[in-house]
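Step one of this worksheet: look at the structure below.
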Amino acid sequence: MALNYDFEWGLLLENPHKEWIIEGLAHTVGLSLTAWVIALIIGILIGTIRMTQSPLLRFIGTAYVEFFRNIPLLVQLFIWFFVFPLMLPNDLMFAWNRLPHVPLITALLALSLFTAARVAEHIRAGISSIPKGQFDAARSSGLTQVQMYRHVIIPYAFRVMIPTITSEFLTVFKNSALTLTIGVAEITGAAKAIEAWSFHGIEAYTVASVTYMTTTAIVVLFMSWLEHRLRIPGLIARK
Amino acid sequence: MSNLLVDVRELNLWYGKYKALDNINTSFTAGKCVVICGPSGSGKSSLLRCVNRLEEFQEGDVLFEGQSLRECTNIASLRSEIGMVFQHFELYPHMSILDNITLAPRYAKKKSKPDAEAHAYVLMERVGITDQALKYPAELSGGQQQRAAIARALALEPKLMLFDEPTSALDPEMIVEVLRVMRDLAMEGMAMLVVTHEMGFAREVSDEIIFMDEGKIIERKNTEDFFSNPNSKRVQDFLDRILVKI
């Protein structure tokens with residue numbers, strides 16, 4: 001049976017399709033990158049406090065990770081979108097609902113906090129892999145806890161973790177597709193809209209797939225460049 | 001005594017149920033080099049690590065220049081008065097030698113970067129690694145790394161230097177270059193506490209020797225007496241075992 005389908009790649013460059021694609025691309029890349037940066041900052045913080053000697057900080061860190069890691073991202077998106085505003089006091093809820101781009105903000109919040117929990121776990125594993133003597137050396141030289149983590153432990157752990165951080169980054173990108181469920185016009189949503197409007201699903205989803213693959217390829221290239229740049233001379237043998 | 005530097009009082013340390021230090025009472029004065037020796041597991045390193053509270057001891061106290069470590073609320077500041085050198089060097093692998101040496105002066109001692117670097121070059125000159133300033137630790141030989149680690153500790157301008165088996169991870173020809181740096185330090189009057197098995201160094205350089213076993217100080221004597229007439233049978237046995245006889 002021959003494929004009964006008329007390819008019309010040109011329609012992707014016609015409006016409204018073109019506009020949707022551009023908007024979708026901008027949302028996917030913007031959302032993922034922003035979520036990633038926020039997730040890194042929160043994740044490093046949470047991952048680090050789980051390694052400190054303070055039981056309270058460790059408890060906060062563990063509670064955070066277990067909460068955000070063990071609820072599916074889709075459910076978290078719905079909770080932030082449907083439940084969270086209801087839990088706000090009335091005036092705050094109205095203010096929240098009047099914000100521009102509520103779906104986008106909600107998506108950013110959900111994606112960042114979810115990813116941060118995963119980053120925190122990687123950071124914790126990275127920190128655990130650092131020889132105990134490094135902590136001794138830093139502490140014995142009079143550095144405070146914060147200085148020790150800031151200058152010695154985190155930069156060292158980060159280098160060890162670049163490959164894991166990279167794959168987590170790719171996950172954020174792909175997870176961002178879920179945000180179409182709360183109305184974010186990202187690239188998968190754009191593909192869906194084009195398909196519904198024109199019945200040209202193959203072209204539409206090809207654009208979405210190529211977007212994800214190209215973006216992730218760029219990220220992988222950038223991260224291996226970064227890994228090479230940050231490699232510790234003499235220690236990690238890579239050309 | 002005015003030049004009392006470290007005063008250890010009824011110090012007890014446990015690792016879980018294992019008692020690592022058993023009621024240690026001793027003191028160290030400025031300008032003296034004291035070697036701590038004894039069989040492995042005798043508590044030498046534990047004692048050393050209590051002097052800057054890297055180990056949190058459960059009982060007793062250590063006074064550094066009269067300041068109680070137990071009651072000290074700013075332990076970081078107190079630690080920056082004491083340099084420490086480790087068996088496995090523990091240089092920061094992601095930093096150049098220069099950055100390794102200037103890190104603590106800049107952040108713990110709030111020195112400006114140019115000041116810290118100028119001082120670092122003086123210290124590197126002193127331990128003979130000036131050419132390695134911009135290299136990374138893994139690009140150096142073991143002996144060079146340990147000398148860099150000594151320079152890093154000296155950069156604190158410490159009142160006391162702690163050495164925790166500084167030559168145990170080194171090849172014989174590199175041991176000599178590290179011991180020379182340590183000898184020069186001792187001769188300049190740096191207060192030093194050295195945990196080591198290098199009895200040649202102990203004999204030549206140290207002022208006093210402490211012998212430990214099972215978490216206790218068995219004997220403490222000035223160096224000459226320690227070798228010529230050790231009191232206890234345990235010290236004699238130890239010396240017989242450790243001093244290679246041909």
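Between B:Tyr92 and B:His94, the angle of the ring planes lies from 30° to 60°, which puts this pair in the tilted group.
At a heavy-atom separation below 4.5 angstrom, chain A is approached by B:Ala76, B:Arg79 within residues 68-79 of chain B. At a heavy-atom separation below 4.5 angstrom, chain B is approached by no residue within residues 114-127 of chain A. Within residues 110-133 of chain B, the residues having any heavy atom less than 4.5 Å from a heavy atom of chain A are, in residue-number order, B:Lys110. Within residues 137-148 of chain A, the residues having any heavy atom under 4.5 Å from a heavy atom of chain B are, by residue number, A:Ala137, A:Ala138, A:Arg139, A:Ser140, A:Ser141, A:Gly142, A:Leu143, A:Thr144, A:Gln147.
More than 12 heavy atoms of other residues, nucleotides or ligands sit less than 6.0 Å from atom CZ of A:Arg69. More than 12 heavy atoms of other shown residues, nucleotides or ligands fall within 6.0 angstrom of atom NZ in B:Lys19. Taking a 6.0 Å sphere around CZ of A:Arg58, one finds it holds more than 12 heavy atoms contributed by other residues, nucleotides or ligands.
Remark: the backbone N or O of B:Phe57 is not paired with any side-chain donor or acceptor of B:Glu55 at under 3.5 angstrom. Side chain of A:Thr28 to backbone of A:Leu25: no donor-acceptor contact under 3.5 angstrom is found. Counting only distance, with no hydrogens or angles, the side chain of B:Ser141 and the backbone of B:Gln144 share a donor-acceptor pair below 3.5 Å. Checked by atom type and distance alone, the side chain of B:Gln145 pairs as donor or acceptor with a backbone atom of B:Leu140 at under 3.5 Å. Although no hydrogens or angles enter the test, the distance criterion places no donor-acceptor pair under 3.5 Å between the side chain of A:Arg50 and the main chain of A:Ile46. For B:Asn3 (side chain) and B:Thr29 (main-chain N/O), no donor-acceptor pair under 3.5 Å exists by modelled atom type. No donor-acceptor distance shorter than 3.5 angstrom exists from the side chain of A:Glu227 to the backbone of A:Pro163, with no hydrogens or angles considered. Between the B:Lys109 side chain and the B:Leu156 main chain, a donor and an acceptor come within less than 3.5 Å of each other. With B:Glu81 contributing its side chain and B:Lys159 its backbone, the two residues share no donor-acceptor pair below 3.5 Å. Judged purely by atom type and a 3.5 angstrom limit, B:Arg147 has no side-chain atom pairing as donor or acceptor with the backbone of B:Glu177.
Side-chain contact of A:Tyr149 with A:Thr52: a donor-acceptor pair under 3.5 Å is absent, judged by distance alone.
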task = Go through B:Phe201 and B:Val194 one step at a time and tell me if the side-chain contact (heavy atoms from CB on, under 4.5 Å) criterion holds.
result = CA-CA 10 Å; B:Phe201 170 85; B:Val194 186; 4.2 Å; yes
key: Test log, rule side-chain contact (heavy atoms from CB on, under 4.5 Å), inputs B:Val6 and B:Val8   = CA-CA 6 Å; B:Val6 178; B:Val8 181; 4.0 Å; yes
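Only the backbone of B:Ile82 comes within contact range of chain A, with at least one heavy atom under 4.5 Å from a heavy atom of that chain. For chain A, the nearby parts of B:Tyr107 are the backbone and the side chain; heavy atoms of each come within less than 4.5 Å.
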